[in-house]
A.B. asks: 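Here it is, the structure, as structure tokens.
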Amino acid sequence: MSKILMKGNEAVGEAAIRAGCLHFFGYPITPQSEVPEYLARRLPEVGGVFVQAESEVAASNMIYGAAGVGVRVLTTSSSPGISLMAEALSYIAACELPVVLVNMMRAGPGLGGILPAQGDYLQATKGTAHGDFHLIVLAPSSVQEAVNLVMRAFELAENYRNPVMVIGDGMIGQMMEPVEFPEPAVGKPLDPGDWALTGCKDRPRRIVNSLYLDPEACNRHNFKLTAKWQRITEAEQRSESVYLDEPCDILLTSFGMTYRICKTAADELRAEGIKVGLFRPITLAPFPYQACRAAADRAGRILDVEMNMGQMLEDVKLAVQGTKSIDFLGTAGGVVPSPEDVAKKIREVLGSAPAKNASPKPAPQKKRKDKERA
Amino acid sequence: MSKILMKGNEAVGEAAIRAGCLHFFGYPITPQSEVPEYLARRLPEVGGVFVQAESEVAASNMIYGAAGVGVRVLTTSSSPGISLMAEALSYIAACELPVVLVNMMRAGPGLGGILPAQGDYLQATKGTAHGDFHLIVLAPSSVQEAVNLVMRAFELAENYRNPVMVIGDGMIGQMMEPVEFPEPAVGKPLDPGDWALTGCKDRPRRIVNSLYLDPEACNRHNFKLTAKWQRITEAEQRSESVYLDEPCDILLTSFGMTYRICKTAADELRAEGIKVGLFRPITLAPFPYQACRAAADRAGRILDVEMNMGQMLEDVKLAVQGTKSIDFLGTAGGVVPSPEDVAKKIREVLGSAPAKNASPKPAPQKKRKDKERA
Amino acid sequence: MKKIFSATPLLVDRPTHYCPGCTHGVIHRLVAETIDELGIRERTVGIAPVGCSVLAYEYFNVDMFEASHGRAPAVATGAKRARPELIVFSYQGDGDLASIGMGEIIHAANRGEKITVIFVNNAIYGMTGGQMAPTTMPGQYSTTTPGGRNVKEVGYPVRMAELIASLRTPAFVARAAVHSPKEILRAKEYIRRAFSYQVAGTCFSLVELLSICPTNWGLSARESEKWLEREMMPYYPLGIKKEPETAEAEVKRG
Amino acid sequence: MKKIFSATPLLVDRPTHYCPGCTHGVIHRLVAETIDELGIRERTVGIAPVGCSVLAYEYFNVDMFEASHGRAPAVATGAKRARPELIVFSYQGDGDLASIGMGEIIHAANRGEKITVIFVNNAIYGMTGGQMAPTTMPGQYSTTTPGGRNVKEVGYPVRMAELIASLRTPAFVARAAVHSPKEILRAKEYIRRAFSYQVAGTCFSLVELLSICPTNWGLSARESEKWLEREMMPYYPLGIKKEPETAEAEVKRG
Amino acid sequence: MPKIVINRERCKGCERCNDACPQKILAMSKEMNAKGYTFAKVKDESRCIGCRLCAITCPDVAIEVFIDGTQYEFFAY
Amino acid sequence: MPKIVINRERCKGCERCNDACPQKILAMSKEMNAKGYTFAKVKDESRCIGCRLCAITCPDVAIEVFIDGTQYEFFAY
Amino acid sequence: MASTEVLMAGFGGQGMLLSGKLLAHAAMEKGLEVSWLPSYGPEMRGGTANVTVCISDKPVASPYIVYPRALLVMNQPSLEKFAPRVKPGGLIVVNSSLVPVKSDRQDCQVVYVAANQVAQQAGTGRAANLVMLGVYVGWSEVVSLESTVRAIEEEFAEKAKFIPANVAAFKAGYEEGRKARGAKS
Amino acid sequence: MASTEVLMAGFGGQGMLLSGKLLAHAAMEKGLEVSWLPSYGPEMRGGTANVTVCISDKPVASPYIVYPRALLVMNQPSLEKFAPRVKPGGLIVVNSSLVPVKSDRQDCQVVYVAANQVAQQAGTGRAANLVMLGVYVGWSEVVSLESTVRAIEEEFAEKAKFIPANVAAFKAGYEEGRKARGAKS
Ligand SMILES: Cc1ncc(C[n+]2csc(CCOP(=O)(O)OP(=O)(O)O)c2C)c(N)n1
Ligand SMILES: Cc1ncc(C[n+]2csc(CCOP(=O)(O)OP(=O)(O)O)c2C)c(N)n1
Ligand code: SF4
Ligand code: SF4
Ligand code: SF4
Ligand code: SF4
Ligand code: SF4
Ligand code: SF4
Ligand SMILES: [Mg+2]
Ligand SMILES: [Mg+2]
């Protein structure tokens, strides 16, 4: 199939259909509204169902209902909307239902702004909601990868019966890049398996439930979920390491679109002879600790770059376990670090004496007048 | 003042009044419903306001409104209810409003159960909601300490204009212990300062807002919040270290009620000559990394005990930075580890070869028949 | 001898956890009998709420969900839209449906979701120990209105059946009570009609059932029946509030 | 010469971000004038929603909140209960109030919160680029109803004024339009009454205002006025839906 | 002769059937069942008219009703 | 003589005042203001009756209305 | 004394939570550290209700106790469930009015009291829980008779008419406890 | 070629986002790697709309570019804001129909085109954006005239009647671009 030039958000919608997901429930929010808008047009064409929910709270419970009856289902939103889904996500994870959700992150906290950010890393990977559970979190850094990971998300969700979040930022949602989609145009439907509520014809009835009156049973269920997460952790870590065939002066750690900015900076500096390596997790959860450690082992020091105040930094520290000095460059509020910002920071850091472990406080950034947006 | 025997939940309500908080907005949920019930009786007696919200979503926005007009305000809930407050908490933190909330954790994920648990540690300390912000999180381990920390929470909330969560579990809410309250019976009201919306008489109007059209302004706001968190981190860490005047064989790390269970186990083993030390964070956020590290430095190894699947474990690892081997004992679903369970685990661990860093997967626990609850 | 009344196999054969006299049990039976009579067991999916009937999934002998508090209509929407061939019903209390779940029930009704909602109005939060519900009667004691519900402070009870009936989208909406055999029979009829509309694919349907909560009302079952009749029934008039046929006609008239 | 019309100082002197012809601007002015005329500026707190009027806090020259999407009535409840001496109003769009905020507005109204709600019904999600609102008209195009709103799929538009008026708790509820000078005058009167009831401490008040969105309707301002009059007004009848005086009387009659 | 059968272990002793019976032939036991409830019982079986009101009103489906031969069905249930 | 003053920089060129004026004395400029909008202007000031309809309908408060001496206030605004 | 724990178990409504509170209250007034931890069940009515009271001269560490020093039971399921957990040398008090079986614990002192009958004689059959408490206090003397009576009086301050019968029931139980203690030592 | 970036800026509605898309489309068809990144503003109408297109023979690393190689501007604010950022040796194309001022960049080639007039002559005043695109393509030859025309035809496939005027406008711009290039080299 040939390439099409497509907006990230629309590509996400199309990817879902290719994956055989014909059910969407969601609520508009910038910068992801093109997903529901695209699917409102496309799903009826392929016999699918598009429902605009009255809120993200409702949307997240609708996907619970749809997944519970054994269909492939998607919702998409952006930061504040994801927060409203917290309770339902805990239910979905507890009931082991396969759903896929996409978070095109915007600036926060609060209403924040609609420009790109990566401030929901910790929410996605650690504290999504109450109780012990984990989302599988995938972070694409191109539109094509968004397509691939959305499709992969459905597989993971179903293999492990666990909710999967594909996390991007406003940039990846709004930008166009060429993408290729696999055939067929509409994926095969989900096999409802032995758990979905399809009506109890010729079989014992089934229950989708997360309440346990017996604490021992609830305890066992938690251990079961934890064991599942352990399996996921062992089998599903994905990451990318670049320029690490020889030891490097500095390793840039980043994820999503920020990685591409780092890549440009790295290329620039490598042209000057500064050895810059790159590491990015593709699965933010499970975080590829060993791969990150291995990458760090090949570097003199580390610079973590994120569009937030240092959220992945904690995972990098957990990976590195104090063996390397780590600096941090962060922006927020919709400010995107430029490749030049990254390059400058690298020079600064390499020039300075190696500081032991950066604190989560990012170095204060001077105000850059020319980037003011209306 | 003499001691009164009081339920944790009721003591929390009374503590708020003593702290001068005369406004409560909340929604019933077991195991914290005694807080609203108590305040529904007490607040009208002291000229305060009790409103039963229609939901936790509404309650969390009501406290935003009440804090915004410059009054001291409390809400309380339990795990699923806290998840529903996520969006509003991000707004409150972004707007730098002083609110206090109490989470009496129950078993999760999903509906889980009403029995005590500590499964919301990561939600409270790391990923409460979208965007970069932090709650100050205080974890009492007795009813008296719950009283003290609720009162302290109002001070912290106002000093830093930051939301503060007091986090307990069903046990602390439901148990009675003797408590003493400071006089006066009703604390002084909050001084609305220079930020509250009290009507713009004789002053320029004020705005409580978290939206930024200019990304640089939003970026600066994020740096400001981060700098504030840094100040809090430097000034407000609290923890307790017990039996560490001499080096110990093993350090138990735990928080809240679990700490008391560990204490009994430690006392028991110390009587047998096994040197067991104890460390517990009182501020879960900011986590007392240095104090934890210092405690760890005095111990041969570490056993982390929690009523969850290993959530604080990550912070302990961050503190210890790979210098000590860490084991984990966890329960969930309302199962409370008994002192005997803890003692047994300690014996097991001390008997075994030092394992390098426990994985987050807790050792599977055998089913204990005699603890089955109806 | 001929058995003319016995438990429907649609109810799982086990004692419920409800308090003595609690009419949740009656409503369960009516719903179960209806599913049985309509022959739809094998394609029915029920949704239990959070409330005393949280364990409803244990009792109905069909595929069941347990929903989060108040969101059963959204769960039902997801299930029904995904598999329109299923008969989907939610079973919800007044705290669940009328307080936290107000948005979800109104929107599900307004979208005309082809689901059936069994709404149990017992004027109290049963499960959590007797706090005020939106439907608590003026002056009624609850643990969060220790002086009785003061309408000046917290407003009047919400009449959900009327509220939902006032929406333009065609629907079947009715209110019955289950405190006496006579009203139970009427309730059964409404429930049967509600499910029948769904079977025919006609419209959204909701039956509000006035129910007793002896435990939290602090009354015996017998006193509770009387209290329901005396206090609740005048405020919550029984009857059909809306039928799809007349609603359609109204829409046509414009 | 005598100035008989000029901008009220209650509006901050700066151009708004609204599109040409957007009647959010008219409604802002009416609210501002009312606050001015009632002399309550110094004790008024306004609440901006999430929607095109998200920046309302920039325009009203009073203390202002920015609320999360749909929750302004809860924020207003918190503010008003905490400081009853304040005059608290929320300003909300139809996505904000009638979709995500349905639960909060109904419960605030039902509790009888003594707040004033300015509800701007433009039958669309303006800010996010023209998705369907609960109030979108049958057949109306939106980016999420590319074939026009199909009432068989998503139900009929919600008439919020009527829905809220149907609650038992006394309130002032009215609907006006702001597409023509004549209707603007009526709107002003309703808004003034709404605030006056709050000043007197009487009741909850809400004014629904039919408003145009030329941008997302894809029409000129002039065509939009006509469309509002032709399509919206018959479905959303203007007038007072409920007054506290008659509501009280009804309550007394029982 | 119509008759009813009460499942004493199912009964929770709410007494609703007692009130519902038009023949007033039901009463509560003095004994308790395993769950500690006094349970409903028939005082005078001979007067039962098989009207089912007791069963209809029982929240715990503790009552079954039997009839012999035909019977006038005075309402459709 | 009544008259109106239009703030050309405030005007967004929506033309609503043009429609509202009962005297039909308003029109749109050919020029653009700094924001790139054509703006409203008065074609024939002499016929203005000071009715304020233009100002009432303007969403951008771009119009002020002045009168000389007394005037019949034909509606209370 | 160092520290002791007692588990009191019965059906909901039998008043064991109150008995526990009275004990904790009396101990607190004596200047001891106490904790009172109910095992609150799932959000349903009915079922068993039990409470663990810890009393110590040092701050109570874990209020959650699996192996208590004493057990008071008002129903058979509780006896079956909890009796095996009582520490050797401990006390088990069984309300023989309601529990038809015996405990097979040989290493504990097991006291059978027809608490309902004793209470009936003292004035009200509803005060069986106070008889049970009395037995424990009489046996353990962890608090004095007087201080417990004061706790009862304070607890019932607003329903004063219930005080005499409850105090009488408690005292009757107390005597039983004293006797049992004597028998043992 | 290695890689290049062009920033196209104007008011919303002036079609610069479309110009960018056409460029990206043509480059993609040529087998190059591309990215098209709009700077989407806060959730409001109006204001400026600009887009950065990156074209490369390797995968595009950062699509977010602060210092582009070329700039096409349709309004004065954009010229003022972005001109200082163009890389030395780059290109600045100014629509002089709408922008009354000159750029002071000496180290770039600045081309002034009365794009609205040129478009008018080509058949529709609304195609000024295609004139601008044409200038860039003619100057840079990053894609060919033919492939861009094909992209225009595909893009307007459903509104075929607009194709001729748009193609004409593009070609007119292209000629200007060729000329400017010649002038330079
Ligand atoms: C999000 C959330 N909030 C609150 C609760 C606690 N809760 C459980 S049931 C209930 C109310 C039950 O009342 P109702 O719906 O009237 O049902 P009933 O028990 O009366 O049948 C509440 C508030 C919860 N489980 N989840
Ligand atoms: C929780 C959340 N969900 C969604 C959004 C995105 N959003 C912003 S405004 C809006 C709807 C605006 O429509 P309306 O309330 O009708 O106001 P209008 O713009 O038409 O005046 C939405 C969905 C958000 N900001 N927050
Ligand atoms: S508490 Fe009330 S509603 Fe719940 S089971 Fe008991 S009687 Fe029924
Ligand atoms: S999008 Fe619509 S509602 Fe929003 S400002 Fe423009 S015209 Fe007004
Ligand atoms: S069937 Fe009728 S007459 Fe017979 S016991 Fe039941 S209620 Fe009484
Ligand atoms: S109605 Fe049923 S549960 Fe109640 S007393 Fe009669 S048989 Fe027993
Ligand atoms: S005041 Fe009246 S007559 Fe004068 S310009 Fe305005 S609308 Fe026209
Ligand atoms: S109504 Fe106002 S904004 Fe519109 S054209 Fe007239 S003066 Fe300009
Ligand atoms: Mg209820
Ligand atoms: Mg709108």
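Chain identifiers are assigned alphabetically (A, B, ...) following the order of the sequence lines, protein sequences preceding nucleic acid strands; residue numbering begins at 1 within each chain.
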A.B. asks: Counting heavy-atom pairs under 4.5 Å to chain C, which of D:P157, D:C203, D:G112, D:S99 comes out on top?
C.D. replies: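 The candidate making the most pairs under 4.5 Å is D:S99.
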A.B. asks: Working to the nearest 0.5 Å, report the span between CG of D:L163 and CG of C:L163.
C.D. replies: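 It comes to 4.5 Å.
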A.B. asks: So which atom in C:T169 and which in D:G155 form the shortest heavy-atom distance, rounded to 0.1 Å?
C.D. replies: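 Closest approach of C:T169 to D:G155: OG1-CA, 3.6 Å.
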A.B. asks: Rounded to the nearest 0.5 Å, how far does CD of C:E104 lie from CE of D:M102?
C.D. replies: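 It is 10.5 Å, given to the nearest 0.5 Å.
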A.B. asks: Which of the residues D:G70, D:P234, D:G103 is involved in the greatest number of heavy-atom pairs with chain C at under 4.5 angstrom?
C.D. replies: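 When all of D:G70, D:P234, D:G103 are compared, D:G103 has the most.
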A.B. asks: At a heavy-atom separation under 4.5 Å, does D:K152 approach chain C through its side chain, its backbone, both, or neither?
C.D. replies: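 When you check distances to chain C, atoms from both the backbone and side chain of D:K152 fall under 4.5 Å.
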A.B. asks: Taking the side chain as every heavy atom from C-beta outward, state whether D:N110 and C:V154 have any pair of such atoms under 4.5 Å apart.
C.D. replies: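 SC-SC contact between D:N110 and C:V154 ruled out.
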A.B. asks: Is there a side-chain contact between D:V158 and C:I106, using heavy atoms and a 4.5 Å cut-off?
C.D. replies: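 They are not in contact (no side-chain heavy atoms under 4.5 Å apart), so the answer is no.
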A.B. asks: Keeping D:H107 on the side-chain end and C:A98 on the backbone end, is there a donor-acceptor pair under 3.5 Å?
C.D. replies: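 Answer holds: yes.
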A.B. asks: Below 4.5 Å from any heavy atom of chain C, which atoms of D:Y235 appear? Answer side chain, backbone, both or neither.
C.D. replies: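 The answer is the side chain of D:Y235.
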A.B. asks: Going through the distances and angles, do D:R168 and C:E162 end up as a salt bridge (charged side-chain N to carboxylate O under 4.0 Å, His left out)?
C.D. replies: CA-CA 11 Å; D:R168 183 61 166 271; C:E162 286 80 359; over 6 Å; no
A.B. asks: Nearest 0.5 Å, what's the CD-CD distance between C:E153 and D:E113?
C.D. replies: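 Between C:E153 CD and D:E113 CD, I get 9.0 Å after rounding to 0.5 Å.
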